[in-house]
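Atoms within a ligand are numbered from 1 in the order they appear, just like the ligands themselves.
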Amino acid sequence: MAKPKILISDNLDQDGVDILNASGLFEVDFRKKTSREELEAVIPEVEGLIIRSASKVDKALVEKAAKLKVVIRAGVGVDNIDIPVCSQKGIVVMNAPAGNSVSTAEQAIAMMFALARKLPQAHGSMKQKKWEKTKFQGSQLTGKTLGVVGLGRIGKEVVKRAKGLQMKVLGFDPYIPAENLTSLEIDLVPIDTILKESDFITVHTPLTDATRGLVNEKNLSLLKPGVRLINCARGGIYDEAAIVKGVKDGIIGGAGLDVFVEEPLPATSELYEHDDIILTPHLGASTDEAQIEVAKESAESMVAYFKNGVARNSLNFPTIDPTSMDALAPWFSLCEQVGSFVGQMMKNPLKDIEISYRGEFTALNLAPLEIALTKGLLTIAMGDEVNLVNAPLLAKERSLRINSRKAEKTEKEPSILVLTVYDEKERLTLKAAVGATGGVITELNGNPLKLRPEGNLLYILNNDTPGVVGKLGTLLGEHNINISSMELSRGKKGGEARTFLGLDDEMPKALLETIRKKEFIVEARFIKI
Ligand code: NAD
Ligand code: MLT
């Protein structure tokens with residue numbers, strides 16, 4: 001079978017490409033730069049796409065991407081990906097956010113030094129063989145007030161470094177509870193206080209309606225005179241025209257900008273005109289270390305997704321924290337198999353599903369397990385159309401009610417999944433767990449079982465009388481179907497017994513009908529997982 005094609009359409013460090021190749025899973029097409037025409041031409045065959053900021057994954061591209069399953073942004077910002085459109089098409093979107101935080105924080109600190117000591121200006125002057133000592137007198141950072149807007153990954157790294165420089169740090173982030181920020185040991189203040197009291201302001205937020213124009217022409221007068229502004233996050237958080245005006249009017253002492261509303265910055269921009277505005281071409285993440293990290297992170301996420309169906313750092317699917325990956329991956333497969341199993345065991349479409357998690361894994365984020373189970377269930381009816389991104393949406397459209405809960409105070413017990421499903425007439429309940437050799441259904445309708453829910457299974461419900469298994473074995477043998485395993489589950493002796501036979505091959509329909517007609521059979525079903 002042909003391997004899935006992975007396209008890397010922007011420049012990526014070779015370490016990432018090597019990880020993809022070494023996995024042996026993919027046909028990798030690495031193009032350091034891809035024009036829109038090339039991208040549109042190749043995308044119909046691509047199953048996994050890795051991009052940086054140059055390639056745009058918009059509606060028009062997604063419509064052409066018939067096989068696309070995953071888009072990974074090697075970096076943080078996903079402003080070049082239409083996530084709602086990807087979700088509708090069932091395409092998982094992930095980013096690689098951790099690898100470039102330190103480098104970007106360092107870029108912000110470097111900007112702060114460059115602004116305080118006018119380093120680029122002094123360098124430019126000396127390159128013209130001048131010696132302008134008084135012109136470039138700067139200011140010290142120690143004791144100055146730094147306002148940090150956005151206290152996520154990068155903002156926090158900036159805070160740590162600024163404190164090391166003995167600056168007074170003010171922070172603003174309305175989306176992080178204050179108790180989660182106490183270890184930073186900074187003053188959390190309203191945004192207006194940041195604007196009024198800071199000698200330097202640095203922003204580390206995404207560009208949103210709330211952050212666009214955080215400094216604008218109307219609030220320039222709020223700023224502390226001489227303030228220096230730093231933006232290594234996204235262009236537009238400070239209004240570009242306001243920066244130019246503020247610098248011209250002497251309100252803003254300088255600005256260090258790494259990102260712009262339009263990139264590359266158009267030649268007509270007034271930002272070029274002022275010496276006190278220091279510009280770098282979106283270099284925050286451009287260090288050897290950050291590029292290696294994001295490339296590795298992206299490639300590992302691609303491999304994990306194609307290998308285990310696990311999405312790390314996904315933006316449209318409950319994400320699995322990489323540190324929980326090893327613990328959760330076998331549960332993920334088990335839940336998908338169990339979803340498929342119960343869907344095939346029940347005679348009518350399911351109406352309600354109750355999932356209860358017990359034991360030590362309740363300490364982890366288990367939301368992805370519900371989705372894996374839903375996917376397994378819906379795939380029976382909908383085939384490849386269902387994936388982890390659209391499964392919850394499709395379940396809702398089918399009025400399937402799913403309720404998950406974690407049992408309280410069970411964190412010291414072994415992990416176990418308890419599932420009860422209802423169709424309009426029946427109810428089925430099972431327990432499942434992950435053992436040393438993989439996932440197992442350990443109990444069915446209150447009776448013990450030891451079934452691996454995988455491959456071809458013949459399920460038989462029969463009256464518990466001697467000789468049933470022998471008769472079945474003979475019938476299957478006559479049709480040249482080999483039995484690979486057998487699991488029994490029954491309550492009281494002589495009552496109803498359930499038998500699961502693992503088969504090497506699929507079960508011919510006619511043979512299933514023959515088995516169903518046997519007087520010792522109550523029910524027979526072929527289950528394929
Ligand atoms: P993050 O998600 O870890 O942190 C962003 C923080 O901003 C969050 O804590 C969030 O609560 C906060 N926030 C959101 N809206 C806010 C608002 N209105 N006011 C105050 N805080 C708000 O992201 P990160 O990894 O720290 O990245 C921050 C930014 O830096 C992103 O825009 C990212 O794209 C950009 N970035 C730029 C470069 C570069 O090369 N210049 C490199 C990496 C990241
Ligand atoms: C990011 O969002 O990660 C940055 O803008 C860095 C980049 O990819 O250039």
Seminar exercise, completed: ligand 2 atoms nearer than 4.0 angstrom to some heavy atom of Gly77 are 1 (C), 2 (O), 3 (O)
Problem set entry | Side chain, backbone, both or neither: Ile176 near ligand 1, heavy atoms under 4.0 Å | side chain
Problem set entry | Stepwise salt bridge (Lys or Arg N to Asp or Glu O under 4.0 Å) check, Lys67 with Glu47 | CA-CA 5 Å; Lys67 297 186 180 169; Glu47 293 191 41; 5.6 Å; no
Exercise. Quick check: are there more than 12 heavy atoms from other residues, nucleotides or ligands sitting under 6.0 Å from CD of Glu273?
Worked result: yes
For this session: Do me a favour and list the nearest non-hydrogen protein atom to atom 3 (O) of ligand 1 with residue, atom name and distance?
Result: Arg153 N, 2.9 Å
For this session: Check whether any heavy atom of Thr208 sits under 4.0 Å from an atom of ligand 1.
Result: no
For this session: Looking only at protein heavy atoms, identify the closest one to atom 42 (C) of ligand 1 and say how far it is in Å.
Result: Thr104 OG1, 3.1 Å
For this session: Using a cut-off of 6.0 Å, state whether more than 12 heavy atoms not belonging to Arg31 lie near its atom CZ.
Result: yes
Problem set entry | Minimum-distance protein heavy atom relative to atom 27 (O) of ligand 1 | Ile154 CD1, 3.4 Å
For this session: Name the closest protein heavy atom to atom 9 (O) of ligand 2, giving the residue it belongs to and the distance to 0.1 Å.
Result: Arg52 NH2, 3.5 Å
For this session: Give the single entry among Val76, Ile191, Thr205 that approaches atom 29 (C) of ligand 1 most closely by any heavy atom.
Result: Thr205
Problem set entry | Closest approach of any protein heavy atom to atom 37 (C) of ligand 1, naming residue and atom | Cys232 O, 3.2 Å
Problem set entry | Close-contact set for ligand 2 against Arg234 heavy atoms, below 4.0 Å | 1 (C), 2 (O), 4 (C), 5 (O)
Problem set entry | Which residue and heavy atom of the protein sit nearest atom 35 (C) of ligand 1, plus the separation | Ala233 O, 3.6 Å
Exercise. Going by the order shown, which atoms of ligand 2 are within less than 4.0 Å of some heavy atom of Ala285?
Worked result: 6 (C)
Exercise. Going by distance only, is there an N or O of Asn100 that falls short of 3.5 Å from an N or O of ligand 2?
Worked result: yes
For this session: Below 4.0 angstrom from a heavy atom of Gly75, which ligand 2 atoms are there? Numbered from 1 as shown, please.
Result: 3 (O)
For this session: Return the residue, atom name and 0.1 Å-rounded distance of the protein heavy atom closest to atom 17 (C) of ligand 1.
Result: Thr211 CG2, 3.6 Å
For this session: Please verify whether a non-hydrogen atom of Ser101 lies at under 4.0 Å from ligand 1.
Result: no
Seminar exercise, completed: Closest to atom 15 (N) of ligand 1 among protein heavy atoms sits Tyr175 CE1, 3.2 Å
Exercise. Is the closest basic N to carboxylate O distance between Lys118 and Glu132 below 4.0 Å?
Worked result: no
Problem set entry | Identity and distance of the protein heavy atom lying nearest atom 5 (O) of ligand 2 | His282 NE2, 2.6 Å
For this session: Assess the side chains of Ser53 and Asn80: does a donor N or O sit below 3.5 Å from an acceptor N or O?
Result: no
For this session: Considering only non-hydrogen protein atoms, determine which one is nearest to atom 11 (O) of ligand 1 and report residue, atom name and distance to 0.1 Å.
Result: Asp173 OD1, 2.8 Å
For this session: May I ask you to check whether Glu370 and Ser404 show a side-chain donor-acceptor distance below 3.5 Å?
Result: yes
